[in-house]
Amino acid sequence: MGTLLRRQSRIILLVVGIGLVILTTYSCQKNEPANNLNANTTAGAPPAQPLPPLPSGAQALPSPAVSGNIPRQVVINGNPATPQDARPFFDNFSWESFIALNWPAASARGVPNEPNNPNIFFNAPNGAPVVWGTYKDSFDLFGQGDKRPSAWNDPTSPVSPCPNASPGQKALIFTTKGDTPLMQTKQAFSFPLVDQRSNFVHYDIRYDEAEYNFIRGQDSDQSTWLYLLKSLMPKENQQFGVQMPMTTPSALGSIMVKAAWRISTSSDDTKRYYAINAQIYDSTKQTCAPATVLLVGLHIAHKVDPFTEWVWSTFEQVDNVPPDPDVSPKPTPPPSGYSFNNGTGNPPTPNGFNYKPPLTAPGTPTPSPSPVQVTRVNAIPNTPAGQSTRDINTYYQQVLRGTVWQYYQLVVTQWPANPGIGNGKPFTLMNNGGVYPQNAGAAFPATGAVNTTMETYFQTQNDAAGAGGNSCMSCHYRAGQSDFSWGLNRRAH
């Protein structure tokens, strides 16, 4: 059955639209005190700069804080009547998560350096290791062949794609995701992306400690080693499938992070990007070469109570593509141009792109590709008025001024508006008759939650039909038996 489920990833999902769903499951979180992270600021270590006032209409939001503590709940004050009304609280959670995950890392894996001292964040040099960047990556779990993945705190792995890389240096793997367990330039179920400098975009996927250890399993019990198909399939085929650890106020649970990187050139203003040194793996040569890479996209998926279907946050660097057409006044084009658009209307992009770069062989992108012209099809939400995603972005960009992070924006937050549908159980699996979006926790928004760097070719529902739909949750619901993790579902061996 597990093999059949993997083949089902190619079956077209008929996306069922829904209107706004009344929030009925947030009572446990309403009217709680402001996010308890705000109480953690260390005396004598004030923010490096005063925080601006909240956006007009957003006074119900928790008092903001610049903190390295990953939020453990979505704080919802008042009584929002619809998911749209609740959006500001989820967007605030997304930004708090973005700051905490991009906090300078301590020497221990996954641990922030002085998380209660904002000066650590504001004074960090560009390229300093950040918390999520120290998480174990997909290769550590699924690229080890017959070797046991290393323990969380082990700095090495038995098998390394770039054995000459410096300790802790990021390795970006130049192979296709669909055919091997390595990271690569090929997007999920899709095609490579080529930037305006004619370089391929690279991706990596990382897991926090709770999720990594859950998939790695206990040393003494091989039935818990979920990176092995023989251990994973029995759990996938249970009524509710695999259930990863969930974050509660007392403990962090499962977090998945996916990043998109482009190669830096002499034409780029690296002060506008989080820039690091990495090793780029070329599968055709089976060698690694050093390069400076720029962060252009970041997905964050967090399984936080009571959202059994996860909360999905996706960010982009602001220079990726031109702003939405209704943005006024129009911002000045970036000094080095857009990463994925030439700044004109030619070539046209009817579905958000002008062409799909072909693959000449499995895992081998076409040499010397032409840039892909990209536009955003699904606008960054401008509702509710005065506290929309755009408003929250403007606010946090002001909070983060003086750092590279001021040049990033939240594209959308997606979450289950009615989590735990299915007789009080987590959710109804597709192979048990579940239908998206209602049996995936009434996902909101149901469609259009995409990132131009990671779902370039899935911005419309028609283009995304073969991948399950044009949103994080509609795609990952098809891997519901693996708790919404395509990495676990496709890479276990």
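Numbers here are sequence positions counted from 1. Because the structure is predicted, anything quoted here is derived from the model rather than measured. The analysis underlying the following values was restricted to heavy atoms, covering all of them including side chains, and did not include hydrogens, waters or symmetry mates.
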Phe427/Phe484 aromatic ring centres below 6.0 Å: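 Ring centroids of Phe427 and Phe484 are less than 6.0 Å from each other.
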
List for me each residue that meets salt bridge (charged side-chain N to carboxylate O under 4.0 Å, His left out) alongside [X], sequence neighbours excluded, and say none if there are none.
{"X": "Glu316", "value": "Arg376"}
{"X": "Arg87", "value": "none"}
{"X": "Asp140", "value": "none"}

Check: [Y] main-chain N/O paired with [X] side-chain donor or acceptor under 3.5 Å:
{"X": "Asn342", "Y": "Asn346", "answer": "yes"}
{"X": "Tyr355", "Y": "Ser370", "answer": "yes"}
{"X": "Tyr135", "Y": "Val257", "answer": "no"}
{"X": "Asp391", "Y": "Ser388", "answer": "yes"}
{"X": "Gln461", "Y": "Thr447", "answer": "no"}
{"X": "Asn378", "Y": "Gln459", "answer": "yes"}

Parallel, tilted or perpendicular for Phe142 and Tyr207, by the 30°/60° rule?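 Aromatic pair Phe142/Tyr207 classed perpendicular.
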
Parallel, tilted or perpendicular: which describes the rings of Tyr436 and Tyr477, with under 30° parallel and over 60° perpendicular?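 Plane angle between 30° and 60°, so tilted.
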
Sorted by first residue and then second, give each disulfide bond (SG atoms under 2.5 Å apart) pair with at least one member in residues 254-342; sequence neighbours left out.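 Residue pairs passing disulfide bond (SG atoms under 2.5 Å apart), neighbours aside: Cys162-Cys288.
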
Under the rule for side-chain hydrogen bond (donor to acceptor under 3.5 Å, both in side chains), what residues qualify as partners of Trp261, not counting sequence neighbours?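 Partners of Trp261 by the side-chain hydrogen bond (donor to acceptor under 3.5 Å, both in side chains) criterion, ordered by chain and then number, come out as Asp204.
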
Testing Trp310, Phe307, Phe444 for ring-ring contact (aromatic ring centres under 6.0 Å, His included) with Phe90, which one passes?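 Only match with Phe90 under ring-ring contact (aromatic ring centres under 6.0 Å, His included): Phe307.
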
Please name the residue in the list Tyr396, Trp95, Trp405, Tyr274 that meets the ring-ring contact (aromatic ring centres under 6.0 Å, His included) test with Phe315.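 Between Phe315 and the candidates, ring-ring contact (aromatic ring centres under 6.0 Å, His included) is satisfied uniquely by Trp95.
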
Sequence neighbours excluded, every pair satisfying ring-ring contact (aromatic ring centres under 6.0 Å, His included) that has a member inside residues 326-353: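 The answer is Phe353-Tyr457.
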
With a 4.5 Å cut-off on side-chain heavy atoms, are Ile215 and Leu226 touching?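 Sidechains of Ile215 and Leu226: in contact.
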
